[in-house]
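The first residue in the sequence is number 1, and the count goes up from there.
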Amino acid sequence: MNRFKNIFQHYWSPYSTLILAGILSALYFGFTGAVWAVTGEFTRLGGEFLGIFGVDITGWAYFDMIHMDKTTWTRPDGWMIWGMFIGALIMILLSNNFKIRIPRQKRRYIQGLAGGIIAGFGARLAIGCNLAAFFTGVPQFSLHSWIFIIATGVGTYFGAKIVQMRWWKGKPVLMKGNAKPSAEKSKKKQPFIGGIIAVMYTALIVAFFATGHTLLGFGALFGAFFGILIERGQICFTSAFRDLWMLGRGTMAKAIIVGMAISSVLTIIVIAFYGIPPITQIAAPSTFIGGMLFGLGIVMASSCETGMMYRMMEGQVLYLTVFAGNIIGATFLAFAWDHLGIYNVLVASGAKMNLVDSIGPIGAIIATLVMLVVAYVIVIIREHNYHQGWKIKKGGKAHAGTNAS
């Protein structure tokens with residue numbers, strides 16, 4: 001019984017979930033040659049929506065680059081996305097955590113939509129997001145990931161400043177107390193429904209493998225695993241940065257760094273021993289600008305892509321607007337890429353650079369681990385300085401009085 005409560009009634013340690021995520025992302029790369037990513041598929045979804053409304057996207061350079069073919073239901077990346085939603089939903093239902101939640105301030109819908117648009121545009125401008133240009137980008141040893149991380153840190157810093165402003169927060173809305181608790185019948189139904197969904201989804205995965213659709217099976221399987229982990233660990237890259245800037249709390253940031261370190265070691269083994277080439281993206285001005293926009297947007301929206309996904313499944317209505325914003329922003333970038341000259345101005349001058357190609361597998365893993373250690377130390381220093389400053393701020397008058405006497 002206690003073990004059951006630990007699994008379903010308590011959230012898991014960020015360290016354990018992110019280490020598992022790092023291991024699984026390396027395994028997924030080894031099995032498929034692809035990485036755990038989401039916003040590329042968001043962009044393809046945007047292209048599919050345009051097609052429904054009669055927009056001809058033939059010849060759009062960005063869609064050609066990200067291989068706009070088939071449908072979301074016949075692409076491994078598509079099932080990665082839907083698997084994450086479904087995996088998160090299953091765990092939420094088994095934990096009795098589903099509840100429709102409506103934001104008290106209506107302005108939150110506009111803020112969520114605007115933040116989602118900015119984040120989606122920035123992510124695809126940098127050709128990645130908190131996964132492909134961050135968590136799974138670093139273990140691919142692509143230089144653009146480090147540029148993106150630094151830029152995201154800058155963007156989230158300014159985003160944290162904005163969301164603390166009075167005009168952004170608005171007036172607090174008071175709610176009447178004595179709300180009726182959830183009906184016991186509903187609490188009993190949730191795990192039952194979650195169990196049914198789990199059985200049906202498992203059957204679908206088995207069917208994919210049995211019918212020779214191996215890549216779809218891997219996408220659906222790993223997507224569900226990732227969905228379970230992000231929900232149970234409450235993994236959100238927004239909170240990692242925002243909490244560091246606003247509260248001096250670095251637990252999530254440190255856990256992400258540890259997860260990337262584990263994934264990097266396993267990924268270099270896959271690259272070195274199995275000959276699978278690492279996935280490398282262009283490092284250009286677009287990488288830094290896109291990273292800053294992404295960081296700004298996720299703080300405005302109160303969530304990155306992974307956080308948005310499990311919060312949507314929890315029943316938080318706000319994150320529907322964040323999801324829509326991500327798709328809109330990513331799709332607009334696909335249009336602006338060649339139609340508005342974004343590629344020529346911000347991307348064309350860049351180049352693909354990978355540490356494995358530049359300094360070899362051993363040099364790449366050593367350099368990556370060193371940089372991750374430096375990042376970990378920076379987080380610790382930030383935590384220490386924040387709390388030291390807080391102590392001085394709280395005790396300043398007392399110290400002044402003591403000195404005066």
Side-chain angles (χ1 to χ4, degrees), residues 18 37-40 42-43 111-138 142-165 168 230 235-257 259-260 281-309 311 319 321-323 325-330 332-333 342 346-347 371-372 374-376 378-379 382 386:
L18 280 156
V38 294
T39 54
F42 288 175
T43 315
Q111 292 169 347
L113 181 65
I117 291 172
I118 293 171
F121 184 91
R124 295 322 301 169
L125 176 61
I127 314 180
C129 61
N130 53 303
L131 296 177
F134 198 140
F135 190 77
T136 58
V138 167
S142 181
L143 180 63
H144 92 290
S145 295
W146 288 101
I147 299 172
F148 183 86
I149 289 171
I150 294 170
T152 298
V154 174
T156 53
Y157 177 80
F158 286 108
K161 295 294 184 182
I162 291 174
V163 299
Q164 292 182 85
M165 292 182 178
W168 179 271
I230 64 172
I235 298 172
C236 182
F237 289 69
T238 305
S239 65
F241 281 102
R242 185 185 58 211
D243 291 355
L244 193 61
W245 300 139
M246 296 173 62
L247 304 173
R249 189 164 57 204
T251 301
M252 185 63 70
K254 290 186 289 188
I256 289 170
I257 293 169
M260 287 193 293
Q281 300 295 353
I282 294 174
S286 57
T287 311
F288 192 84
I289 295 172
M292 283 200 304
L293 290 173
F294 175 76
L296 176 65
I298 61 175
V299 176
M300 290 172 61
S302 297
S303 180
C304 63
E305 282 77 4
T306 53
M308 171 271 295
M309 294 174 84
R311 289 180 178 120
Y319 295 97
T321 65
V322 179
F323 184 36
N326 268 274
I327 294 176
I328 292 169
F332 180 66
L333 184 277
I342 290 287
L346 298 177
V347 187
M371 288 188 286
L372 288 172
V374 170
Y376 196 93
I378 289 172
V379 173
R382 168 60 185 171
Y386 179 89

How long is the straight-line distance from [atom2] of [Y] back to [atom1] of [X], given to the nearest 0.5 Å?
X    : Y    : atom1 : atom2 : answer
I149 : M371 : CD1   : CE    : 9.0 Å
T152 : L293 : OG1   : CG    : 10.0 Å
T156 : M246 : OG1   : CE    : 11.0 Å
F323 : M309 : CZ    : CE    : 7.0 Å
L113 : I118 : CG    : CD1   : 10.0 Å

Taking the side chain as everything from C-beta on, heavy atoms only, tell me whether [X] gets closer than 4.5 Å to [Y].
X    : Y    : answer
F288 : I150 : yes
D243 : T251 : no
Q111 : T321 : no
S286 : I342 : no
R249 : Y386 : no
R311 : C236 : yes
N130 : F135 : no
W168 : M300 : yes

- Residue pair T43, L333: steps toward the side chain to side chain contact (heavy atoms under 4.5 Å, CB included) verdict: CA-CA 9 Å; T43 315; L333 184 277; over 6 Å; no

May I ask you to decide if [Y]'s main-chain N or O and [X]'s side chain share a donor-acceptor pair within less than 3.5 Å?
X    : Y    : answer
T238 : C304 : yes
T136 : L131 : yes
S239 : I235 : no
R382 : W245 : yes
Q281 : T287 : no

- F237 and I256: CA distance, side-chain angles, deciding distance, side chain to side chain contact (heavy atoms under 4.5 Å, CB included) verdict: CA-CA 8 Å; F237 289 69; I256 289 170; 3.6 Å; yes

Minimum-distance pair of heavy atoms, taken over all atoms of [X] and [Y]:
X    : Y    : value
F294 : A123 : CD1-CB, 3.8 Å
A240 : A253 : CB-N, 3.8 Å
I127 : H144 : O-NE2, 3.8 Å
C129 : V38  : SG-CG2, 3.9 Å

- Task: Evaluate the criterion side chain to side chain contact (heavy atoms under 4.5 Å, CB included) for residue pair V299 and F158; output intermediate values, then yes/no.
- Result: CA-CA 9 Å; V299 176; F158 286 108; over 6 Å; no

- Task: Please lay out, stage by stage, how M308 and I298 fare under the test side chain to side chain contact (heavy atoms under 4.5 Å, CB included).
- Result: CA-CA 10 Å; M308 171 271 295; I298 61 175; over 6 Å; no

- Message: Does Y157, at its OH atom, have more than 12 non-hydrogen atoms belonging to other residues, nucleotides or ligands within less than 6.0 Å?
- Response: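 For Y157, atom OH is not crowded (no more than 12 foreign heavy atoms under 6.0 Å).
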
- Task: Describe, in one word, how the ring planes of F148 and F134 are oriented to each other, choosing from parallel (under 30°), tilted (30 to 60°) and perpendicular (over 60°).
- Result: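 F148 and F134: perpendicular rings.
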
